[in-house]
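So the structure is just underneath, and the comments pick up after that.
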Amino acid sequence: MEGPSINILVEEVKSFRKQKIESVKGIVTTIDIVELTGKDVKAFKSWGKHFLICFDKFYLRVHFLMFGSYTVNTPKDRPSKLSITFSNGTLHLYTCSIQKHPGKPEKNYDWSSDLMSKKWDPALTVSRMKKFKEHQIADVLLDQNIFSGSGNIIKNETLFWLQIHPERLISSFTHKQLSEISTRTRDYCYNFFIWKKAYTLKKHWKIYGKKKCLECGTDVLKKPTGLTKRRSFFCPNCQK
DNA sequence: CCGGTTGTTCAGCG
DNA sequence: GCGCTGAACAACCG
């Protein structure tokens with residue numbers, strides 16, 4: 001699950017904000033769920049791919065990784081990791097990593113790297129990119145400390161949009177190009193958010209999962225690239 | 001039905 | 001203590 005999806009989740013649970021937890025259940029073992037009962041949720045936040053459930057003196061950090069999912073109200077046909085019931089509904093979390101952290105998330109998170117945040121800072125992003133001169137752009141676009149919330153779909157689609165080869169090194173770009181890459185990645189995240197809410201995300205994929213380049217008809221290459229070895233889909237003709 | 005994956009963490013090594 | 005590698009985990013889709 002990529003960053004924009006977490007922002008959609010935050011929207012979906014808006015009605016639970018500032019509500020008291022009536023009951024909890026789940027198979028999660030990393031936290032003590034009993035103590036959640038009766039507490040008020042102060043806020044739901046996101047940072048990158050992290051979904052944060054904030055309480056007065058601590059917060060829960062939920063990460064959905066590859067296979068995580070959630071539902072609001074309608075449970076799935078298997079036990080949830082954690083289900084939180086309020087007077088007006090229940091949030092069910094499945095197959096995710098849940099951690100409890102003391103204090104406020106503001107102490108641990110810097111939103112200047114979060115692509116979906118109002119605090120996202122393009123100049124800081126470019127300066128962070130420049131520290132990885134000999135790394136491939138595809139790897140840097142997956143680095144959560146630089147592009148918090150970016151994932152493999154966002155990486156591939158943004159690089160195709162920019163007609164950039166995923167294995168190009170950071171050192172091969174000018175400052176202006178790095179700036180362009182960062183702002184387009186942010187723009188793609190906003191599109192992802194809109195498209196996903198409209199259930200038209202897949203329809204907009206131009207390279208991810210494709211066999212032929214939609215621009216020129218060339219066979220799309222599908223290759224594990226860089227240190228991360230995540231699959232890069234790219235057109236060897238269009239992307240330089 | 002099998003192979004692949006919208007991802008991260010950690011053990012083990014040199 | 002570092003950088004690097006591969007394993008482990010997990011559920012759904014085509």
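Just so it is clear: chains get the letters A, B, ... in the order the sequence lines come, proteins before strands, and each one is counted from 1.
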Atom-pair distance (CD on Glu134(A); P on dC4(C)), nearest Å: 12 Å
Stepwise side chain to side chain donor-acceptor pair (under 3.5 Å) check, Ser80(A) with Lys25(A): CA-CA 8 Å; Ser80(A) 66; Lys25(A) 67 171 186 175; over 6 Å; no
Interatomic distance at C1', dG1(C) relative to dC10(B), whole Å: 16 Å
Where at least one partner belongs to residues 167-181 of chain A, residue pairs that pass salt bridge (charged side-chain N to carboxylate O under 4.0 Å, His left out), sequence neighbours excluded: Glu167(A)-Lys223(A), Glu180(A)-Arg184(A)
Set of residues satisfying side-chain contact (heavy atoms from CB on, under 4.5 Å) with respect to Lys76(A), sequence neighbours excluded: Ser69(A), Thr71(A), Arg78(A), Tyr94(A)
d(OH, Tyr94(A); C1', dG7(B)) in whole Å: 21 Å
Shortest non-hydrogen separation from Cys213(A) to Cys238(A) and the atoms involved: SG-SG, 3.7 Å
Value in whole Å for how far the C1' atom of dT6(B) lies from OH of Tyr199(A): 17 Å
Considering all heavy atoms, the nearest Leu52(A)-Pro105(A) contact: CD1-CB, 3.8 Å
Sorted by number, the residues of residues 219-236 of chain A with heavy-atom contact under 4.0 Å to DNA chain B: Lys222(A), Arg230(A), Arg231(A)
Whole angstrom value for the distance that separates P of dG7(B) from CG of Asp139(A): 13 Å
Within residues 229-240 of chain A or reaching into it, pairs that qualify as salt bridge (charged side-chain N to carboxylate O under 4.0 Å, His left out) - sequence neighbours excluded: none
Minimum heavy-atom distance Ile33(A)-Val24(A), with the two atoms named: O-CG2, 3.1 Å
By side-chain contact (heavy atoms from CB on, under 4.5 Å) - contacts of Ile27(A) (at least two apart): Pro79(A)
Results of salt bridge (Lys or Arg N to Asp or Glu O under 4.0 Å) for Asp143(A) - residues two or more places apart only: none
Footprint string (nucleotides 9-14 of chain C, 5' to 3'): B base within contact, S backbone only, - free, heavy atoms under 4.0 Å: -BBS-S
Integer-rounded Å distance: dT8(B) C1' and Glu2(A) CD: 14 Å
Residue pairs, two or more places apart or on separate chains, that pass salt bridge (charged side-chain N to carboxylate O under 4.0 Å, His left out) and touch residues 186-197 of chain A: Glu11(A)-Lys197(A)
Canonical and wobble pairing (Watson-Crick, G-U, under 3.5 Å) of DNA chain C, dot-bracket with |: .||||||||.||||
Name of the residue among Ser148(A), Ser112(A), Ser113(A), Ser182(A) meeting side-chain contact (heavy atoms from CB on, under 4.5 Å) with Trp120(A): Ser182(A)
For the student: nearest non-hydrogen atoms of Ile98(A) and Lys81(A), plus distance: CD1-CG, 4.1 Å
Short side-chain N/O contact to dT6(B) OP1/OP2 from Lys49(A), under 4.0 Å: no
Parallel, tilted or perpendicular, as decided by the 30° and 60° cut-offs, for the rings of His204(A) and Trp195(A): parallel
Lys/Arg N to Asp/Glu carboxylate O, Asp219(A) vs Lys211(A), below 4.0 Å: no
Any residue of residues 140-163 of chain A with a heavy atom less than 4.0 Å from an atom of DNA chain B: Gln144(A), Gly151(A), Asn152(A), Ile153(A)
Value in whole Å for how far the P atom of dT6(B) lies from CH2 of Trp205(A): 9 Å
Protein-to-nucleotide contact annotation, 5' to 3' order, nucleotides 9-14 of chain B [B base; S sugar-phosphate only; - none; under 4.0 Å, heavy atom]: S-----
Within residues 39-60 of chain A or reaching into it, pairs that qualify as side chain to side chain donor-acceptor pair (under 3.5 Å) - sequence neighbours excluded: Asn7(A)-Ser46(A), Lys45(A)-Glu106(A), His50(A)-Tyr109(A), Tyr59(A)-Asn108(A)
Side-chain touch Ile154(A)/Phe147(A), heavy atoms, less than 4.5 angstrom: no
